[in-house]
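Worksheet for the structure shown next.
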Amino acid sequence: MASKGTEKTLQKLREMVNAEKYYEAQQMYRTVARRYNKQQKYQDTIRLLHDGAVFLFQHKQVGSGSDLANYMMDTYKLANVSVDEASLDRVVELLSLFPSTDPGRRAFISSAFKWTQANGEYPEGDPELHDYVGTMFYNEKKFNLAEEHLIVGTDHSAELSGKLAYEWAKEEDAQWKGVFLARVVLQFLASKDIHHATLAWKSFVSAGPQPEATQSKVRLAPASEPVTFPIYADPWLNFTQMTLLTVQRDGADLFKELKSKYESLYNPDKNFVELVEEIGLEFFNIPKPKKQGNMLQDMMANLFGGGGSGAPQIGAAKSGDELD
């Protein structure tokens with residue numbers, strides 16, 4: 001809770017903003033915040049900067065609001081503010097006020113996740129914040145950015161990632177929509193997350209019509225009764241479905257058979273190859289193949305700058321997209 005002196009300062013600064021003295025107000029917010037930080041009055045600093053950022057955004061002073069919002073995140077990190085409901089609520093409120101085109105939003109998002117990684121319990125950053133940011137990008141049709149966050153979010157994120165995959169496939173007019181679902185489900189499974197992989201799968205197949213070729217009966221366990229599953233016209237849907245079913249069994253041989261059957265489908269994309277290898281290791285302790293480097297190729301690559309752009313990846317980011 002802010003001190004009485006801080007409340008008086010806030011009132012004075014609000015009056016300056018209302019009088020349209022925007023630049024003077026912004027500089028005063030920063031001056032007072034700097035003084036509070038030197039005195040280690042971090043809660044007063046946060047109260048001041050949050051209030052100022054909100055007030056300036058509301059007055060359409062986006063640059064000034066963005067500046068104070070990012071200063072607040074700097075103070076979060078300086079003070080090692082814990083990740084809790086109150087501290088996250090401030091971040092989400094400010095994020096909701098940024099215009100999507102403002103360059104300061106990118107810095108704010110990046111800073112917010114670095115703070116949650118350093119002061120929270122999740123190495124990838126807070127799942128609720130990932131869900132909010134992923135949903136925000138989804139609503140803005142920035143599907144590549146949205147997917148990055150939804151993959152490490154909540155149950156809602158997983159469900160939305162399936163819907164996103166379907167809409168992205170439609171937007172790209174893909175021959176096989178299932179490749180966009182495979183991106184999501186295999187990433188979840190590579191992290192041994194069957195629950196979220198299943199949520200994404202169910203969301204995708206319920207998002208629109210999925211043409212079926214036939215049906216097949218599968219035993220989910222050796223002693224269980226056979227369960228009927230659809231066989232789709234889309235080979236990527238079949239591969240994804242069978243992978244999801246196989247990892248829920250003690251089926252290393254089945255997984256090897258699955259890889260052999262669908263290798264020609266996913267093999268052209270090294271990202272899919274790496275995901276499948278990771279799934280085999282995580283669920284069935286199947287060692288990854290040893291990489292055999294080409295010394296001459298590596299030397300030439302290093303000599304001329306290395307890397308090479310290669311073929312564009314499926315669903316690759318479009319130029320000009322915002323990154324966090």
Side-chain angles (χ1 to χ4, degrees), residues 1-3 6 29-54 56-57 63-98 100 102-138 140 142 144-158 160-161 187-188 190-193 195-196 278 282 317 321-324:
M1 189 171 183
S3 64
T6 301
Y29 276 115
R30 292 187 64 87
T31 299
V32 177
R34 195 178 303 114
R35 184 171 72 245
Y36 284 163
N37 278 347
K38 285 183 178 179
Q39 297 170 351
Q40 297 186 358
K41 295 180 178 179
Y42 299 125
Q43 288 305 313
D44 286 343
T45 306
I46 291 166
R47 172 83 171 90
L48 180 88
L49 293 172
H50 173 259
D51 186 89
V54 169
L56 286 163
F57 274 131
S64 297
S66 173
D67 176 62
L68 296 188
N70 278 288
Y71 197 172
M72 188 193 81
M73 290 312 310
D74 291 342
T75 303
Y76 265 30
K77 289 182 281 187
L78 177 66
N80 288 315
V81 172
S82 60
V83 180
D84 57 26
E85 185 176 354
S87 56
L88 280 172
D89 282 350
R90 292 189 204 99
V91 172
V92 168
E93 181 183 11
L94 291 177
L95 190 51
S96 71
L97 296 173
F98 273 93
S100 62
D102 183 66
R105 187 176 77 161
R106 173 181 174 177
F108 184 79
I109 291 172
S110 177
S111 187
F113 280 113
K114 287 177 181 176
W115 160 66
T116 64
Q117 288 168 334
N119 294 279
E121 57 181 301
Y122 299 96
E124 303 87 0
D126 187 80
E128 294 289 345
L129 185 58
H130 276 297
D131 181 64
Y132 182 86
V133 173
T135 302
M136 178 186 74
F137 283 137
Y138 166 81
E140 294 173 2
K142 296 176 180 176
N144 56 316
L145 296 177
E147 183 187 272
E148 293 176 14
H149 293 282
L150 297 176
I151 288 293
V152 286
T154 63
D155 284 2
H156 170 264
S157 305
L160 187 59
S161 70
Q187 285 185 78
F188 281 131
S191 299
K192 218 168 183 179
D193 189 349
H195 174 60
H196 282 161
E278 187 66 28
E282 288 294 328
D321 278 341
E322 179 179 354
L323 299 175
D324 67 322

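All residue numbers in this chain count up from 1 along the given sequence.
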*From Glu124 atom CD to Phe113 atom CZ, the distance as rounded to the nearest 0.5 Å*: 11.0 Å
*Kindly compute the distance separating NZ (Lys41) from CZ (Arg47), expressed to the nearest 0.5 Å.*
15.5 Å
*Side-chain heavy atoms of Val152 within contact of Tyr122, under 4.5 Å*: no
_Sidechain-backbone polar pair: Ser87 side chain, Asp84 backbone, donor-acceptor under 3.5 Å_ = yes
*Begin from the C-alpha positions of Gln187 and Asp193 and carry the test side chain to side chain contact (heavy atoms under 4.5 Å, CB included) through to its verdict.*
CA-CA 9 Å; Gln187 285 185 78; Asp193 189 349; over 6 Å; no
*Can you see which heavy atom on Lys77 is nearest to which on Ser111, and at what distance?*
NZ-OG, 3.0 Å
*Is the shortest heavy-atom distance from the side chain of Leu150 to the side chain of His130 under 4.5 Å?*
no
*asked:* If you define the side chain from C-beta out and look only at heavy atoms, does anything of Ile109 sit under 4.5 Å from Phe137?
replied: yes
*How long is the span from the CG atom in Asp51 to the OH atom in Tyr29, to the nearest 0.5 Å?*
5.5 Å
*Please report the closest heavy-atom contact between Ala53 and Ala69, naming both atoms and the distance.*
CB-N, 3.8 Å
_Interatomic distance, Ser100 atom OG to Met136 atom CE [nearest 0.5 angstrom]_ = 8.5 Å
*Do the non-hydrogen side-chain atoms of Glu93 and His50 ever get within less than 4.5 Å of each other?*
yes
*Is it the case that Asp67 and Ser64 place a side-chain donor and acceptor less than 3.5 Å from each other?*
no
*Which atoms form the tightest heavy-atom contact between Arg30 and Tyr71, and what is the distance?*
NH1-CD1, 3.5 Å
*Tell me yes or no: between the side chains of His149 and Asp131, is some donor less than 3.5 Å from an acceptor?*
no
*Glu85 atom CD, neighbour heavy-atom count above 12 within 6.0 Å*: no
*Do Val81 and Asn119 have side chains that get closer than 4.5 Å, going by heavy atoms?*
no
*Describe, in one word, how the ring planes of Phe98 and Phe108 are oriented to each other, choosing from parallel (under 30°), tilted (30 to 60°) and perpendicular (over 60°).*
tilted
_Which heavy atom of Thr116 sits nearest to which heavy atom of Gly125, and what is that distance?_
OG1-CA, 3.3 Å
*Is the backbone of Ile151 close enough, under 3.5 Å, to the side chain of Ser161 for a donor and an acceptor to pair up by distance?*
no
*Spacing of CG belonging to Asn70 relative to CZ belonging to Arg106, to within rounding of 0.5 Å*: 12.5 Å
*asked:* Tell me every residue that passes salt bridge (Lys or Arg N to Asp or Glu O under 4.0 Å) with Arg90, counting only those two or more places apart in sequence or in another chain.
replied: none
*Leu94 side, atom CG; Ser96 side, atom OG - distance, nearest 0.5 Å*: 7.5 Å
*With a 4.5 Å limit on heavy-atom distance, are the side chains of Trp115 and Leu88 in contact?*
yes
*Quickly, which of Thr75, Asn37, Asp74 forms a side chain to side chain donor-acceptor pair (under 3.5 Å) with Thr45? Name it, please.*
Asn37
*Is there a donor-acceptor pair under 3.5 Å between the side chain of Thr154 and the backbone N or O of His156?*
yes
*Are Thr6 and Tyr36 side-chain neighbours, meaning at least one heavy-atom pair lies under 4.5 Å?*
yes
_Counting C-beta onward and ignoring hydrogens, is there a side-chain heavy-atom pair between Val91 and Tyr76 closer than 4.5 Å?_
yes
